[in-house]
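Positions are given from 1 along the sequence.
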Amino acid sequence: MIIKDIFEKPIDRDIKGVIKVGQDDNANVKQELEEYVVTRELQKHFAEFFSNYKRGILGTTDKMGVWISGFFGSGKSHFLKILSYLLDNKEVDSKAAIDYFIDDRKIIDNAVLADMRLAANTPTDVVLFNIDSKGETSGKQTKDAIVSVFLKVFNEMQGFCGAIPALADLERKLSEDGKYDEFTTRFEAAFGSPWAEARSDFDFIQDDVVEILTDMGFMSEEAVRNWCEKATEPYAISIERFAELVKKYIDKKGHNHHVVFLVDEIGQYIGDDSKLMLNLQTVTEELGKECMGKAWVIVT
């Protein structure tokens, strides 16, 4: 008998020593879902989370902030990623994430499984990111650093420009007016490159943007040029305004739509900076007040 033959899976397969939020290719996701072991301790955490998450689906709640704590190597990032797959009900290898839990009987309590199915069947935009990789290197010292990163990933999730928030505001307005597709089509025809690829070099394409928006009748040439000047200046947004943007997006989607921000390594990012901690607290409170359980913040 060869020892490796007694194991169900190949023992020489690649096993990740560290779970990273950015690794989301299908092979990694499938392995994580298949091999995730739900211990007795985790059974309690899944039960508690999905019981509370259900409140935002069936009704309203302003208690939608989750802090995943634990010592180094305890599985915080892995738990966060698994929650993201379940909430998104990500389909991997023609199989929904929730089915990996059902088929392998990872959760033994049928009531918890019912809550998980309810969450999986609720339309949700899942925004999973490592805050240090998304944050600006020079912006961490500002007290609004947290909300700035949240705005960036929220814009990216919608397909808008994350690097230049003022540009994302223009894209959002064009989208609301039903003119975004026309703008991107005209831009590619005139410039020769897709808008999504060229927009990061906004400083060099301003004349093309001015010409296209003017020809579309969206704004006057003077107004567009004034906007272009302001677009390159430092951008500031209040937490209240950010929460309103999320609420407006959720209302537009309808059908009990949810948005979930899952943020890895926020404890290390904040450190002992009380201003950043307050910023995170206020972002969570405002999202709770505005969205009433339709927007969640889950951090490690």
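Applying the side-chain hydrogen bond (donor to acceptor under 3.5 Å, both in side chains) definition to pairs two or more places apart or across chains, none involves residues 60-74. Contacts classified as salt bridge (charged side-chain N to carboxylate O under 4.0 Å, His left out) and involving residues 215-234 (residues at least two apart or in different chains) are given here: D207-R225, E221-R225. Sorted by first then second residue, the salt bridge (charged side-chain N to carboxylate O under 4.0 Å, His left out) pairs that include residues 279-295, not counting sequence neighbours, are E286-K289. Counting only residues at least two apart or on different chains, the salt bridge (charged side-chain N to carboxylate O under 4.0 Å, His left out) pairs with a member in residues 156-179 are K134-E156, D169-R172, E171-R199, K173-D177, E176-K248.
L83 contributes atom CG, which lies 11.0 Å from atom NE2 of H45 (distance to the nearest 0.5 angstrom). Rounding to the nearest 0.5 angstrom, the gap separating the OG atom in S220 from the CH2 atom in W227 is 13.5 Å. A distance of 10.0 Å separates CZ of R186 from CD of E211, quoted to the nearest 0.5 Å. Between atom CD1 of residue I239 and atom CG of residue N279 there is a gap of 4.5 Å, rounded to the nearest 0.5 Å. Distance check: S84 OG to D264 CG gives 10.5 Å after rounding to the nearest 0.5 Å. Of the inter-residue distances, the one linking Y180 atom OH with L174 atom CG reads 8.0 Å to the nearest 0.5 angstrom.
Counting only heavy atoms from C-beta outward, the side chains of N52 and R55 approach each other to under 4.5 Å. At a threshold of 4.5 Å between non-hydrogen side-chain atoms, the residues V149 and F129 count as touching. Residues I237 and P165 form no side-chain contact, since every pair of their non-hydrogen atoms from C-beta on lies 4.5 Å or further apart. Put simply, the side chain of M219 does not reach to within 4.5 Å of the side chain of T214, judged on heavy atoms. Residues D109 and L113 fail the side-chain proximity criterion, which asks for heavy atoms closer than 4.5 Å. Using a 4.5 Å heavy-atom cutoff, the side chains of Q43 and I107 are in contact. Inter-residue side-chain proximity for V263 and V153 is flagged as unmet; no heavy-atom pair is nearer than 4.5 Å.
For the pair H258 (side chain) and N256 (backbone), a donor-acceptor distance under 3.5 Å is present. Put simply, the side chain of D88 never gets that close to the backbone of K90: no donor and acceptor are under 3.5 Å apart. A distance-only check finds a donor-acceptor pair linking the side chain of T124 to the backbone of T122 [under 3.5 Å]. Between the side chain of T300 and the backbone N or O of E265 there is at least one donor-acceptor pair closer than 3.5 Å. Between the side chain of D273 and the backbone N or O of K275, at least one donor-acceptor pair lies under 3.5 Å. Although no hydrogens or angles enter the test, the distance criterion places a donor-acceptor pair under 3.5 Å between the side chain of K106 and the main chain of L33.
Between Y53 and F49, the ring-plane angle classifies as parallel under the 30° and 60° cut-offs. Using cut-offs of 30° and 60° for the angle between ring planes, the F150 and F261 rings count as tilted.
Connection of Y269 to L278 is not established within any shared hydrophobic cluster, with ILVMFWY side chains joined at heavy-atom distances below 4.5 Å, either directly or through further cluster members. When hydrophobic clusters are built by joining Ile, Leu, Val, Met, Phe, Trp and Tyr residues whose side-chain heavy atoms come closer than 4.5 Å, directly or via intermediates, Y235 is not grouped with V224. Hydrophobic clustering (side-chain heavy atoms under 4.5 Å, transitive across Ile, Leu, Val, Met, Phe, Trp, Tyr) groups I205 together with L213. Linking ILVMFWY side-chain heavy atoms closer than 4.5 Å, directly or via other members, places F183 and F160 in two distinct hydrophobic clusters. Under the 4.5 Å side-chain heavy-atom criterion for grouping Ile, Leu, Val, Met, Phe, Trp and Tyr, I266 is connected to I82 within one hydrophobic cluster.
Checked against side chain to side chain contact (heavy atoms under 4.5 Å, CB included), F7 has the following partners two or more places apart in sequence or in another chain: I3, I11. In this structure I164 satisfies the side chain to side chain contact (heavy atoms under 4.5 Å, CB included) test together with C161, L167, F202, sequence neighbours excluded. By the side chain to side chain contact (heavy atoms under 4.5 Å, CB included) test, E188 pairs with P194, sequence neighbours left out. With sequence neighbours left out, F187 forms a ring-ring contact (aromatic ring centres under 6.0 Å, His included) with F191, W195. Listed by chain and number, the residues in a side chain to side chain donor-acceptor pair (under 3.5 Å) with D115 are K54 (sequence neighbours excluded). Looking at residues two or more places apart in sequence or on another chain, you find no side chain to side chain donor-acceptor pair (under 3.5 Å) involving Q158. Not a single side chain to side chain donor-acceptor pair (under 3.5 Å) links T284 to another residue, sequence neighbours left out.
Within the 6.0 Å centre-distance limit, the rings of Y249 and F154 are counted as a close aromatic pair. In summary, the aromatic rings of Y36 and F79 are positioned with their centroids too far apart to meet the 6.0 Å limit.
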Show me the donor-acceptor pairs, under 3.5 Å and distance only, between side chains in residues 92-103 and residues at least two apart or in other chains.
from	atom 1	to	atom 2	distance (Å)
D93	OD2	K30	NZ	2.7
K95	NZ	D103	OD2	3.1
Y100	OH	V92	O	2.9

task: List the steps and the verdict of side-chain contact (heavy atoms from CB on, under 4.5 Å) for V66 and I68.
output: CA-CA 6 Å; V66 181; I68 303 170; 4.3 Å; yes
task: Could you walk me through whether L42 and V37 pass the side-chain contact (heavy atoms from CB on, under 4.5 Å) test, one step at a time?
output: CA-CA 9 Å; L42 282 171; V37 177; over 6 Å; no
task: Might you work through the side-chain contact (heavy atoms from CB on, under 4.5 Å) test for K81 and L128, ending with a clear yes or no?
output: CA-CA 8 Å; K81 286 188 79 174; L128 174 68; 4.2 Å; yes
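For the residue pair D125/H257, the side-chain donor-acceptor check at 3.5 Å is satisfied.
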